[in-house]
Amino acid sequence: MLKSLHIENVAVVKCADIEFGSGFNVLTGETGAGKSVIIDSISMLTGARVSREIIRAGETFAFAEAVFDGLSEQLCARLSELGIECEDGEAIISSRLTSDGKTSARINGRSVTKTVLREISGALISIHGQNDSGMLLDKSSYFDMVDAYGNLLSLREEYYCIYAELVECRDKLGKIDLDAQEKARRRDMLEYQVGDIDSKKLKMGEEEALESERLRLANLEKINKHINFAYRVLRGGERGGDVAYMLTRAAESLSKLSDVLPEAAELSERLTSISYEASDIADEVKNLSDDDSGDVDARLDKIESRLEVIASLKKRYGKDIAAILEFRDKAAAELDDIELSDERADEYRQKITELEAKATEKARLLTQKRVSAAKDVSDKIMKVLSYLDMPKVKLEVCVMPSKELMASGKDVIEVLVATNPGEPMMPVSEIASGGEMSRIMLAIKSVINEKDGIGCAIYDEIDTGISGKTSRKIGVKLHEIARNGQILCVTHSAQIATIADRHYLISKREIEGRAHTGIKLLSFEERVEEAARILGGINITEAQRQAAKDMLADAESGSAKKYID
């Protein structure tokens, strides 16, 4: 359940805190007051793409944070797997969007990726907007609806893994089964490429070593000059004038004072150690010099020639030696496939036969369970539709066989509807009006929500295009769904608002020349005024107030249940 929401710098909201309760919560307000800000803020917490235009003018970031409680044991266990501690079944999710478009998210204080944020928030919140009816136009979403209801998502994933391997094997077989002429052309090109690369005998790290040697040879005179000087200073000076000799002499002199100055002995030992280190450094410096008396120009020419060979290969096969050798290995593997095409083809055909059998069996089981789930979900959706003033509507989620295996199985799923008696069943996308779409979507969402156990379901103006008695029934249905969870509903309908357990007013006012949006939990009297405002026009009449009181009393007494009982 969404326990509380904190918002900073989101559109017209400078700073706001909302405490939500269980059951049915509604949010109302005049057009432009900022109702969409609540939805946008919660969307940030789900990892949805949010435009940086929502950042309040003059601010550098937008921030939203929500506290959820009552987390399931499974979700707490999943958080633990991710290294996120979850105490008392509570999670604090926050999201920040900066003016440069960067986002960051945390769960219980720990930074998480957008993928993890979507996974966890997806188990806590579901948001259904007024445009959700677009789902009914996307037939691929029907699979998600049926599979989610029937708890078939894991089975579908098992099927898809087999199907993906099957597709890969078919692709490989297709490449092998090229016609003879194309196969010969491809073989010639691959043989040339592999031979071209092999003939150059490339080695990993070779280019870097050559470039380093080229730099060294180009500066050889400078290197030898300074190395020789450093060596003479350290140990090669005439008449003992080098550092190592002087250090040794100094150490010997100090050691002769150890009987009168005890601390001189320690200093002598330190100087002796330094003299050894200087000698070692001198040896290493000497080894840095190039004693090769060969032709440096010839050596440089040889290096340049080799680098030109490597550069030529890079133009044709890859950005560096590693990429060139990777290209070579792939070409050689493809050449092997062609050379052993008949043998490989037989292997792939056998593998394809095995995978087709496995996929077909898994798809058969998936179809069997989908048919059962589709019948169940159809019956429940029909029952909800009858609550929503669509008792004559016939709706059926049909699972029909497809001719071949597909990514989702071996089925075609269609939602068929007849909105009037005697009419044939037709795809819902072809015959349903806007208001009918809204009610059908509400029916679907209510059935799915009851099944998936999402703690907080949010409906954004689900009543668009619907009014009067039907709106009241939508409110009753939402209230009924909220018995087993939490519903947040943004609405312009007094019929829906007056049946909620809690009513929040979103209002906008001007402070020091800037628009500020505030959110307030309404008392009974304030609910009467807000419901009357929604019902009325510019001036609220006593009749409208009385109508609002009657609707609230109707909801309080429970008599509104007559619509569904």
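In this chain, numbering begins with 1 at the start of the sequence shown.
Atom CD of residue Glu81 and atom CG of residue Leu79 lie 9.5 Å apart, to the nearest 0.5 angstrom. The structure places NE2 of His516 at 11.5 Å from NZ of Lys508, a figure rounded to the nearest 0.5 Å. Here OH of Tyr504 is found 10.5 Å from CD1 of Ile519. Values are rounded to the nearest 0.5 Å. For the atom pair CD (Gln495) and NZ (Lys473), the distance works out to 13.0 Å, reported to the nearest 0.5 Å. Between the CD atom of Gln546 and the CG atom of Leu535 there is a distance of 12.0 Å, given to the nearest 0.5 Å. The OH atom of Tyr459 lies 6.0 Å from the CG atom of Leu478; values are rounded to the nearest 0.5 Å.
For CD of Glu158, the number of neighbouring non-hydrogen atoms (other residues, nucleotides, ligands) closer than 6.0 Å is greater than 12. Atom CG of Asp100 sits in a crowded spot, with more than 12 heavy atoms from other residues, nucleotides or ligands closer than 6.0 Å. Heavy-atom neighbours of Glu90 CD from other residues, nucleotides or ligands within 6.0 Å: above the threshold of 12. The number of heavy atoms from other shown groups lying within 6.0 Å of CD (Glu73) does not exceed 12.
When all heavy atoms of Arg52 and Gly101 are compared, the closest pair comes out as NH1-N, 3.8 Å. The two residues Arg514 and Ala57 come nearest to each other via the heavy atoms NH2-O, 3.3 Å. The nearest pair of heavy atoms linking Leu488 to Cys456 is CD1-SG, 4.0 Å. Closest approach of Ala494 to Met551, counting heavy atoms only: CB-CE, 4.0 Å. For Met1 against Gly21, the heavy-atom pair with the smallest separation is SD-C, 3.9 Å. Nearest approach of Ile381 to Leu395, heavy atoms of both residues: CG2-CD2, 3.9 Å.
Salt-bridge annotation for Lys172 and Glu168: present, with a side-chain N of the basic residue lying under 4.0 Å from a carboxylate O of the acidic one. Taking a cutoff of 4.0 Å between a charged side-chain nitrogen and a carboxylate oxygen, Arg156 and Asp144 qualify as a salt bridge. Ionic pairing of Glu356 and Arg170 is present here: one or more N-O contacts between side-chain nitrogen and carboxylate oxygen are shorter than 4.0 angstrom. Using a cutoff of 4.0 Å between basic side-chain nitrogens and carboxylate oxygens, Glu354 and Lys358 are not scored as salt-bridged. Using a 4.0 Å cut-off between charged side-chain N and carboxylate O, Arg527 and Glu530 make no salt bridge. The residues Lys383 and Asp379 are annotated as not salt-bridged, no charged nitrogen and carboxylate oxygen being separated by less than 4.0 angstrom. The pair Glu59-Lys14 meets the salt-bridge criterion, since a charged nitrogen lies less than 4.0 angstrom from a carboxylate oxygen.
With hydrogens and angles disregarded, no donor-acceptor distance shorter than 3.5 Å links the side chain of Asn108 to the backbone of Ile84. No donor-acceptor pair closer than 3.5 Å links the side chain of Asp411 to the backbone N or O of Ile413. Looking only at distances, no side-chain donor or acceptor of Arg118 sits under 3.5 Å from a matching main-chain atom of Thr113. A distance-only check finds no donor-acceptor pair linking the side chain of Ser372 to the backbone of Lys369 [under 3.5 Å]. Judged by distance alone, with hydrogens and angles left aside, the side-chain atoms of Glu30 form no donor-acceptor pair with the main-chain N or O of Ser507 at under 3.5 Å.
You'll find the side chain of Leu71 reaches within 4.5 Å of the side chain of Cys76, heavy atoms only. With a 4.5 Å cut-off on side-chain heavy atoms, Phe61 and Asn9 count as touching. Counting only heavy atoms from C-beta outward, the side chains of Val13 and Arg56 never approach each other to under 4.5 Å. In this structure, Leu2 and Ile125 have side chains that are not in contact, with every pair of non-hydrogen atoms separated by 4.5 Å or more. For the pair Arg472 and Thr498, the minimum side-chain heavy-atom distance is below 4.5 Å. Between Leu82 and Ile120, some side-chain heavy-atom pair lies under the 4.5 Å cut-off. Residues Thr517 and Val37 are not in side-chain contact: their nearest non-hydrogen atoms beyond the backbone lie 4.5 Å or more apart. Proximity of His503 to Thr28: side-chain heavy atoms (C-beta onward) are separated by under 4.5 Å at one or more points.
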Next item on the list: Before giving the answer on side chain to side chain contact (heavy atoms under 4.5 Å, CB included), spell out for Arg370 and Phe143 the whole-Å C-alpha distance, their side-chain angles and the decisive distance to 0.1 Å.
Entry: CA-CA 9 Å; Arg370 277 176 175 163; Phe143 288 97; 3.6 Å; yes

Note to self: Checking Ile496 against Phe24 for the side chain to side chain contact (heavy atoms under 4.5 Å, CB included) test, could you report, in this order, the C-alpha distance in whole Å, the side-chain angles of both residues, the deciding distance, and whether it holds?
What the structure shows: CA-CA 10 Å; Ile496 292 176; Phe24 187 21; 3.8 Å; yes

Check: Stepwise, does the side chain to side chain contact (heavy atoms under 4.5 Å, CB included) test hold for His479 with Asp501?
Finding: CA-CA 8 Å; His479 194 278; Asp501 298 311; 3.0 Å; yes

Next item on the list: Check the pair Leu45, Leu5 against side chain to side chain contact (heavy atoms under 4.5 Å, CB included), reporting the backbone distance first and the verdict last.
Entry: CA-CA 10 Å; Leu45 299 171; Leu5 177 66; 4.0 Å; yes

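In terms of the side-chain contact (heavy atoms from CB on, under 4.5 Å) criterion, residue partners of Thr541 (sequence neighbours excluded) are, by chain and number, Ala543, Gln544.
Under 3.5 Å, the side chains of Gln74 and Arg78 contain no donor-acceptor pair of N or O atoms.
In this structure, Tyr163 and Tyr159 have parallel ring planes: the angle between them is below the 30° cut-off, well short of the 60° mark.
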